[in-house]
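Reviewing the structure listed below.
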Number of protein chains: 2
Amino acid sequence: MSIEQVRVSKTRDKILEAAIGLFAEKGFNGTTTKEIAEKAGVNEALIFRYFSTKRDLYGAIIEKKIQEDPKIELPLETFKETKDDSLIFRSLGIRMFECVEKDPSFLRLLHFSALEGHELSDMFFDTYVQHLRTVLSDYIEERISDGAFKNINPFLAARAFMGMLTNYIIVKELFGEKKKKRIKKEDVVETFVKIFLEGIKN
Amino acid sequence: MSIEQVRVSKTRDKILEAAIGLFAEKGFNGTTTKEIAEKAGVNEALIFRYFSTKRDLYGAIIEKKIQEDPKIELPLETFKETKDDSLIFRSLGIRMFECVEKDPSFLRLLHFSALEGHELSDMFFDTYVQHLRTVLSDYIEERISDGAFKNINPFLAARAFMGMLTNYIIVKELFGEKKKKRIKKEDVVETFVKIFLEGIKN
DNA sequence: AAAGTAAGTAAGTAATTACTTAATATATTA
DNA sequence: TAATATATTAAGTAATTACTTACTTACTTT
């Protein structure tokens with residue numbers, strides 16, 4: 001059974017992986033099942049043996065991405081107790097960069113799925129964004145009651161910090177800004193964290 | 001001649017407007033020329049009289065968007081002299097919200113064109129983002145030499161501020177966040193400006 | 001009013017699309 | 001080894017795609 005499973009999923013996985021790359025590159029409508037089959041090195045008909053429709057395949061991809069997400073094992077969980085804000089926010093920022101760099105297809109897939117209106121795109125978004133927001137917002141709230149941060153809307157503050165970084169990363173990855181005068185991610189994070197923390201510290 | 005011009009562009013404009021809506025909604029590959037013709041209320045063949053290919057039509061749309069851009073007549077130009085930072089950044093933030101609200105297709109078109117890799121997408125991006133960035137960055141630099149702001153990389157600071165807002169707007173417009181607990185844009189801007197200015201003020 | 005030009009249309013085209021079918025190869029089990 | 005189940009394939013399908021063609025109508029200019 002396990003051997004069979006392995007073989008079964010081998011083809012299925014080849015299809016999935018090829019499709020991830022193509023959907024991320026050209027979107028759902030820009031990708032043909034023929035291309036997917038070619039890239040996966042399997043017969044086109046096999047796609048429809050494993051996934052009843054092309055849209056189903058797209059859904060399976062999003063589900064896969066959601067599941068394989070290592071929940072971004074947040075530095076927050078690790079460092080929360082230290083209350084070393086600079087360390088926490090810096091490592092969070094770096095982590096956001098790394099997360100996207102590790103999987104270049106991720107951001108494009110997320111955006112394509114939102115624009116193309118896939119039914120699972122909300123879940124995709126929630127998994128990666130909503131969760132982090134909540135955790136961060138909670139931490140900020142805690143630091144406010146510590147008297148360390150100003151009495152500000154913690155949810156908006158979390159969004160401000162994540163927004164700076166996310167937007168920087170999106171522009172870099174999606175809009176392919178000229179790589180010439182690109183600044184080291186450590187410096188970007190450093191600057192953003194400085195602005196943000198100075199802005200909310202008491 | 002002018003009468004003729006008007007008639008000529010009437011059909012052309014109907015096509016352009018229909019195409020803008022559809023391309024913004026479903027992207028280039030998700031939109032068919034048949035649909036465009038139907039929505040515009042013209043014969044499909046007319047599309048190819050005015051635009052030699054579908055891709056050409058797409059290009060014409062981006063060019064149109066770039067040209068009709070009122071250069072976002074920045075509040076900066078108006079208020080620069082006052083050096084009232086809070087006023088300047090707040091009105092800039094509000095302006096960014098309004099700009100997107102006024103033309104809902106704009107953001108989607110910008111993102112689709114980037115993802116789908118249209119040749120003019122860079123110019124599109126530059127027109128709307130690069131320009132604002134430069135102006136803002138220049139102002140920040142000026143305030144640094146005034147001694148009003150910390151000695152920080154003005155380019156990164158500009159991106160931090162724009163990033164907070166842009167990302168908030170993108171999430172709202174593109175990822176269609178639930179409208180329930182949505183905060184008034186004035187309050188969002190207020191909070192972001194407060195964080196940012198406190199963060200870079202001397 | 002004649003001639004010329006541009007706007008508009010119906011009916012096509014060849015190519016491509018997502019998806020199916022029916023048959024063959026390969027493995028597993030009895 | 002025979003029987004059964006599964007994996008894989010070649011060759012289709014009907015529908016849709018971007019784009020063309022050959023023609024008619026409407027307007028402008030002389």
Side-chain angles (χ1 to χ4, degrees), chain A residues 1-62 109 112-113 116-120, chain B residues 1-62 109 112-113 116-120:
Chain A
M1 190 193 99
S2 88
I3 288 171
E4 190 191 287
Q5 277 271 26
V6 168
R7 184 157 351 84
V8 167
S9 50
K10 230 180 190 172
T11 301
R12 211 186 110 103
D13 284 353
K14 275 199 285 182
I15 294 170
L16 272 174
E17 222 182 307
I20 286 175
L22 287 167
F23 284 145
E25 190 188 333
K26 326 208 265 178
F28 181 76
N29 289 305
T31 303
T32 68
T33 50
K34 195 181 165 195
E35 279 178 303
I36 295 170
E38 270 166 16
K39 189 175 175 187
V42 306
N43 189 282
E44 193 183 351
L46 278 177
I47 292 174
F48 299 96
R49 178 123 314 167
Y50 289 101
F51 310 94
S52 58
T53 64
K54 186 187 169 192
R55 189 146 273 270
D56 253 40
L57 168 57
Y58 199 61
I61 283 174
I62 297 182
L109 222 39
F112 259 128
S113 78
E116 288 176 333
H118 194 281
E119 46 201 350
L120 290 180
Chain B
M1 188 193 99
S2 87
I3 288 171
E4 191 190 286
Q5 277 272 27
V6 167
R7 185 158 350 86
V8 166
S9 49
K10 231 179 189 172
T11 301
R12 212 185 107 103
D13 284 354
K14 276 198 286 181
I15 294 169
L16 273 174
E17 221 181 310
I20 286 176
L22 287 167
F23 284 145
E25 191 188 334
K26 327 209 265 178
F28 180 77
N29 291 305
T31 303
T32 69
T33 50
K34 194 181 163 195
E35 280 178 303
I36 295 170
E38 271 165 16
K39 189 175 175 187
V42 305
N43 189 283
E44 192 183 349
L46 277 178
I47 292 174
F48 299 96
R49 178 132 317 164
Y50 289 101
F51 310 94
S52 58
T53 63
K54 185 188 168 190
R55 188 147 274 270
D56 253 41
L57 168 58
Y58 199 62
I61 282 174
I62 297 181
L109 222 39
F112 259 128
S113 78
E116 287 176 333
H118 194 283
E119 46 201 350
L120 290 181

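Here is the naming used below: chain letters follow the sequence lines, and residue numbers restart at 1 for every chain. Note that this is a predicted model, so its numbers are computed, not measured.
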Tabulate below the donor-acceptor pairs under 3.5 Å that side-chain atoms of residues 33-41 of chain A make, not counting sequence neighbours, or state none.
| unit_1 | atom_1 | unit_2 | atom_2 | d |
| --- | --- | --- | --- | --- |
| Thr33(A) | OG1 | Glu44(A) | OE2 | 2.7 |
| Glu35(A) | OE1 | Thr32(A) | N | 2.9 |
| Glu35(A) | OE1 | Thr32(A) | OG1 | 3.4 |
| Glu35(A) | OE2 | Lys26(A) | NZ | 2.4 |

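Between the NZ atom of Lys54(A) and the P atom of dT16(C) there is a distance of 15 Å, rounded to whole Å. With rounding to whole Å, Ile47(B) atom CD1 is found 15 Å from dA7(C) atom C1'. Computed from coordinates, the Arg49(B) CZ to dC23(D) C1' distance equals 11 Å when rounded to whole Å. Across the protein-nucleic acid pair, Phe48(A) atom CZ and dT13(D) atom C1' stand 13 Å apart, rounded to whole Å. Atom CD of Glu44(B) and atom P of dA11(C) are 14 Å apart (whole Å). The CD1-C1' distance, from Ile15(A) to dC19(C), rounds to 14 Å in whole Å. Going from atom CG of Asp56(A) over to atom P of dT20(C) covers 11 Å, rounded to whole Å. A straight line from CG of Leu46(A) to P of dT6(D) spans 15 Å, rounded to a whole angstrom.
With a 4.5 Å cut-off on side-chain heavy atoms, Lys14(A) and Tyr50(A) do not count as touching.
Scanning for side chain to side chain contact (heavy atoms under 4.5 Å, CB included) contacts around Arg49(B) gives Leu46(B), with sequence neighbours left out. In terms of the side chain to side chain donor-acceptor pair (under 3.5 Å) criterion, residue partners of Ser52(B) (sequence neighbours excluded) are, by chain and number, Asp56(B). In terms of the ring pair (Phe, Tyr, Trp, His ring centres under 6.0 Å) criterion, Phe112(B) has no residue partners (sequence neighbours excluded).
The phosphate of dA10(C) (OP1 or OP2) has a side-chain N or O of Asn43(B) nearer than 4.0 angstrom. Contact check, Thr11(A) against dT8(D): a side-chain N or O comes under 4.0 Å of OP1 or OP2. Side-chain N/O atoms of Tyr50(A) include one lying less than 4.0 angstrom from OP1 or OP2 on dT8(D).
Within a heavy-atom distance below 4.0 Å of DNA chain C, the residues of residues 17-42 of chain A found are Thr31(A), Thr32(A), Thr33(A).
Listed by first and then second residue, the salt bridge (Lys or Arg N to Asp or Glu O under 4.0 Å) pairs involving residues 16-25 of chain B amount to none (not counting sequence neighbours).
Aromatic pair His118(B)/Tyr58(B): ring centres closer than 6.0 Å.
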